[in-house]
Amino acid sequence: MERYDYSSIEKKWQNYWEEHGTFKAETGSKKPKFYALVEFPYPSGAGMHVGHIKAYSGLEVVSRKRRLEGYNVLFPIGFDAYGLPTENTAVKTGVHPRLVTDNNIAKFTNQLKRVGFSFDWSRVIDTTDEKYYRWTQWIFLKMFENGLVFRDKTLVNYCPSCKVVLSNEDSQGGKCDICHSDIVQKTKEVWYLRITEYADKLLQGLDEVNYLPNIRLQQENWIGKSTGAFVNFTVKENGEQLRIYTTRPDTLYGVTFMVIAPEHPIIEKYRDSIANIDALDAYKAECAKKSEFERTQLVKDKTGVKIDGLTAINPVTEKEVPIYISDYVMMGYGTGAIMAVPAHDTRDYEFAKKFGIDIIEVIKGGDISKEAYTGDGEMINSGSLNGISNKKDAIAKMLDVLAEKGCGEKGVQYKMKDWAFNRQRYWGEPIPIVHCPKCGMVAVPYDELPLKLPPVENFQPGTDGESPLAKIDEFVNCKCPKCGGDAKRETDTMPQWAGSSWYFLRYCDPDNDQAFASQEALKYWMPVDWYNGGMEHVTRHMIYSRFWHRFLYDMGEVPCDEPYAKRTAQGLVLGPDGEKMSKSKGNVVDPNDVVDQYGADVLRVYVLFMGDYEQAAPWSETSMKGCKRFLDRVWALREKLIDGDEYRPETVSLMHKTIKKVTEDIEAMKFNTAIAAMMSLINEIYSIGSINKAEMKTLLILLNPFAPHITEEMYSSIFGAILSEQEWVKYDEKLCIDSTIEVAVQVNGKIKAKINIPAEAEQDEVLGLAKADGAVAAALDGKNIVKEIYVKGRLVNIVVK
RNA sequence: GCGGGUGUGGCGGAAUUGGCAGACGCGCCAGACUUAGGAUCUGGUGUCCCCGACGUGCAGGUUCAAGUCCUGUCACCCGCACCA
């Protein structure tokens, strides 16, 4: 019998599917719809690695199964092509980013097609296509119109190597997300999107969707809602109200000092009345010099300076407390000022110890001579709060006190900050705003979109944080759309996250030039039924895109508030050395090499069989050979094929059990055990020595989503029909049960024997059979039976003394 | 520091949620077929002092029964990080 010639057979079926539009989604079809979404790739020069293949294979299998189950499936793919790596390559090689991108997309497309993914290739999108980014700009202008876009001169995260301002999300840990250089803080006027306005909606929306628990938790933590109180402290010398935020208003009686951020404006306002202003300036300068690393990693030692000339008055005790500046208080969270309660806050405690400040205990339960006590307990030294025994009641009481005195109220804070929405680089969507000396910031009219990225010769960034676009006079100089006078265009471009914030909407109607997508298409397809991607996108792309989508919902532009009904995440594919795959480590596996050597079906089966889908697992070529053996054994079954329209008695329960297992495991993303079940089935069929047509048909359909090429080939040659047009197989729960089953017999919890019993046997009968077994009888000999347990279909345990 | 996760053979990993630990695959061992095998097939493979006992990071506990539940503890991984 001929060997399985995967390279020609795979090509044959890929051509067939493409010619016949087998995977085309049909908007408006009467069939139930299923929208499966995978994160579209950033087409880098390195090409895809096998991690991409694993990421797409999960929903690929689900999508193919859904089609066989009669669904109209939308399983699209595209390219998120704006971004710095491409531009950096262009700068280095002198090749224009447009060409770099086109080459990379071609490379990725080739790789994806060779694996045989059932994407609807008629809906491919490219975020750098002007037909696409026209609508990215359109949504931006809608936000601008609705007050969600603003400019602000603030301290920003700046990457000196990439020469761009980064969002908080892109500069986690003080490192640039793109080049991993140290971030510096810089004052700059930049664009922001008011995502904080949606903080509560983004949080509440999590109740409506089905995300994996850890994904939900990460988003909740990222939004970081905290409830507490704002309290105003009066500055004795000038009557200024110094406003603080605290989550522990119950400890107000324990306040012995205050701390404000070094950049707090009150210092500038009263610089003339501060005696030690030189010392404060010196401290401030020192803090500005510190890198993010020093500020966050070397937190052991508290530093600070007491302000000589400003004293605060505690609004509830009327006592005077000193004010310090210290860099452990940040301007970016709360009000940039805190009330310090050393007895019950670890940081305040350290600070107080170092500076010799009083520590007043207001909650019983700890030993404040040793450390701060942050637990719950009875209130003491706290006026009208004394005797209250828990935090919740104490906070409620204190809020009443504050309200009565009119010096504070309940408040809410979020860790999430507004989204720094700009790049000073070439390869991004131009921000469609004109700066007019008379009218200020004016939106480019909608009918002038897209505002095209002009062709340039030199896309090197400027040295002063200016975009390369600033050097192009024809682009910059323009007329104000409002007054017609001379004006200048904004030269910043959007960050790389812009295009991906709404791409799932475009897939619904990718060629529309009247709207980002028609209402009809959006109503039909949205929301995404199942979205799978990497954990690394849970706090950035996911939050950003939920924000854009919720905004569009509020504008009446999309039919549902949450874009993704369900979200899962796959684990990484590690290199053979167990390390994360990276070019520098030289442990990257190219899917094309695997397809060349083993075929696409082997690659597909292996990435899903290598381990728990959600867990990271190292690549192993020898392990993959097991998957090749499996498919070779499936191919070789053609030699063992016999006639038969029904499962044979010796296979019937195995067939039904396998269908059940594979059907359920695919839905639970337990692809490894689904494949294992099919391997077991094959092993059993080999030991029987033959397979009939009914069994073959079922096997091929079950295996098809995983290994579509080999199964299509076998199906068409055996049954003369196209597998992709068949129906998913069904199982009967009643037939999953064998007529006789094996149960273990334990005596005092130790296995003594295994006996075969009729599946329907009742306890008495089973116990009788168990005791009749020689080994069991021997173990029972001369003992008193204390208890007898039969777990139906599993085991018998006889307890003796 | 806080939050989350993981810990099972030589390796990747299973275990119907309290019921036969190690499914399936890799690797390894033996045999068959071969001029040959890094191909294929068959059988074996947790450990040990192998008629028995011990085994799911470690120490206790609950239970007829614990990888699974409870208490304590260690190690590693991921995320956030002076968030007031």
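We name chains A, B, ... by the order of the sequence lines, and we start the count at 1 in each one.
Expressed to the nearest 0.5 Å, how far CD1 of A:I682 lies from OG of A:S687 amounts to 11.5 Å. With rounding to the nearest 0.5 Å, the separation of CE in A:M655 from CG in A:L699 is 6.5 Å. Distance check: A:Y324 OH to A:K302 NZ gives 14.5 Å after rounding to the nearest 0.5 Å.
Annotation: B:A14 and B:U35 have their P atoms spaced 44 Å apart (nearest Å). Across the P atoms, B:C50 and B:A15 are found 35 Å apart, a figure rounded to whole Å. A gap of 12 Å separates the P atoms of B:C54 and B:A66, to the nearest Å. Nucleotides B:U17 and B:U68 have their C1' atoms positioned 7 Å apart, rounded to a whole Å. B:A30 sits 29 Å from B:G52 when the P atoms are compared, rounded to a whole Å. B:U71 and B:A23 are spaced 32 Å apart, taking the C1' atom of each and rounding to whole Å. B:A84 and B:G19 are spaced 42 Å apart, taking the P atom of each and rounding to whole Å. A gap of 14 Å separates the P atoms of B:G67 and B:G9, to the nearest Å.
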- What do the steps show when you test A:E536 against A:K580 for salt bridge (Lys or Arg N to Asp or Glu O under 4.0 Å), and what is the final call? CA-CA 14 Å; A:E536 70 274 20; A:K580 203 168 164 174; over 6 Å; no
- Message: Please determine whether side chain to side chain donor-acceptor pair (under 3.5 Å) holds for the pair A:R633 and A:N683, giving the CA-CA distance in whole Å, both sets of side-chain angles, and the decisive distance to 0.1 Å.
- Response: CA-CA 9 Å; A:R633 278 158 69 80; A:N683 290 346; 2.9 Å; yes
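Note: A:F355 and A:F351 have parallel aromatic rings, judged against thresholds of 30 and 60 degrees for the angle between ring planes. Using bins of under 30°, 30° to 60° and over 60° for the plane-to-plane angle, the ring pair A:F671/A:F706 lands in the perpendicular bin.
Residue A:N672 is classed as a sugar-phosphate contact, given heavy-atom separations below 4.0 Å to backbone atoms only. Within the 4.0 angstrom heavy-atom criterion, base atoms lie near A:L795. Across all strands, A:A340 comes closer than 4.0 Å to no nucleic acid atom at all (heavy-atom distances). Contact annotation for A:I751: backbone-only contact, meaning every heavy-atom pair under 4.0 Å involves sugar-phosphate atoms and none involves a base. Looking at heavy-atom distances under 4.0 Å, A:K628 makes no contact with the nucleic acid at all. Across all strands shown, A:E788 has no heavy atoms under 4.0 Å from either base or sugar-phosphate atoms.
Nearest nucleotide to the side chain of A:K754, out of B:G13, B:C20, B:A84: B:C20. The side chain of A:A617 has B:G12 as its nearest neighbour among B:G12, B:A84, B:G5. If you check B:A84, B:C82, B:G19 against the side chain of A:D327, the one that comes closest is B:C82. Of the candidates B:A14, B:C82, B:A84, B:A84 carries the atom nearest the A:Y333 side chain, counting heavy atoms from C-beta on. Here the nucleotide nearest the side chain of A:R794, chosen from B:A84, B:A14, B:U16, is B:U16. Considering only side-chain atoms of A:K750, the nucleotide from B:C82, B:U16, B:C54 that sits closest is B:C54.
Between A:K54 atom NZ and B:G12 atom C1' there is a gap of 11 Å when expressed in whole angstrom units. When the P atom of B:G12 is taken as reference, atom CG of A:D612 falls 14 Å away, rounded to whole Å. Look at CZ on A:F671: it is 18 Å from C1' on B:G12, rounded to the nearest Å. Whole-Å rounding puts the A:D665 CG to B:U16 P distance at 11 Å. The nearest whole Å value for the distance from the CZ atom in A:F630 to the P atom in B:C41 is 13 Å. The distance from atom NZ of A:K657 to atom C1' of B:A23 is 13 Å, rounded to the nearest whole Å. For A:N221 and B:G5, the CG to P distance is 12 Å, given to the nearest whole Å. B:C82 atom P lies 20 Å from atom CE of A:M339, rounded to whole Å.
For the pair A:Q218 and A:K661, both in contact range of RNA chain B, the more 5′-proximal nearest nucleotide belongs to A:K661. Along RNA chain B, the nucleotide closest to A:V799 and the one closest to A:G334 are compared, and the more 5′ of them pairs with A:V799.
Under the Watson-Crick or G-U wobble criterion, with both distances below 3.5 Å, B:U42 is paired with B:A30. Both distances falling under 3.5 Å, in either a Watson-Crick or a G-U wobble arrangement, place B:A53 opposite B:U47. Base-pair partner of B:C69: B:G61 (Watson-Crick or G-U wobble, both distances under 3.5 Å).
Of all heavy-atom pairs spanning A:N232 and A:P315, the tightest one is O-CG, 3.6 Å.
For B:G12, the base adopts the anti conformation, since its glycosidic angle falls more than 90 degrees from zero. The glycosidic torsion of B:C50 lies within 90° of 0, which places this base in the syn conformation.
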- Note on the structure: Protein-proximity profile, nucleotides 24-29 of chain B, B/S/- by nucleotide at the 4.0 Å heavy-atom cutoff, equals BSSS--
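For B:C51, neither phosphate oxygen OP1 nor OP2 lies less than 4.0 angstrom from any side-chain nitrogen or oxygen of A:K752.
In summary, A:E263 and A:K284 do not engage in a salt bridge, as defined by a charged side-chain N under 4.0 Å from a carboxylate O.
Of the options A:F630, A:Y6, A:Y4, a side chain to side chain contact (heavy atoms under 4.5 Å, CB included) to A:D601 is made by A:Y4 and by none of the others.
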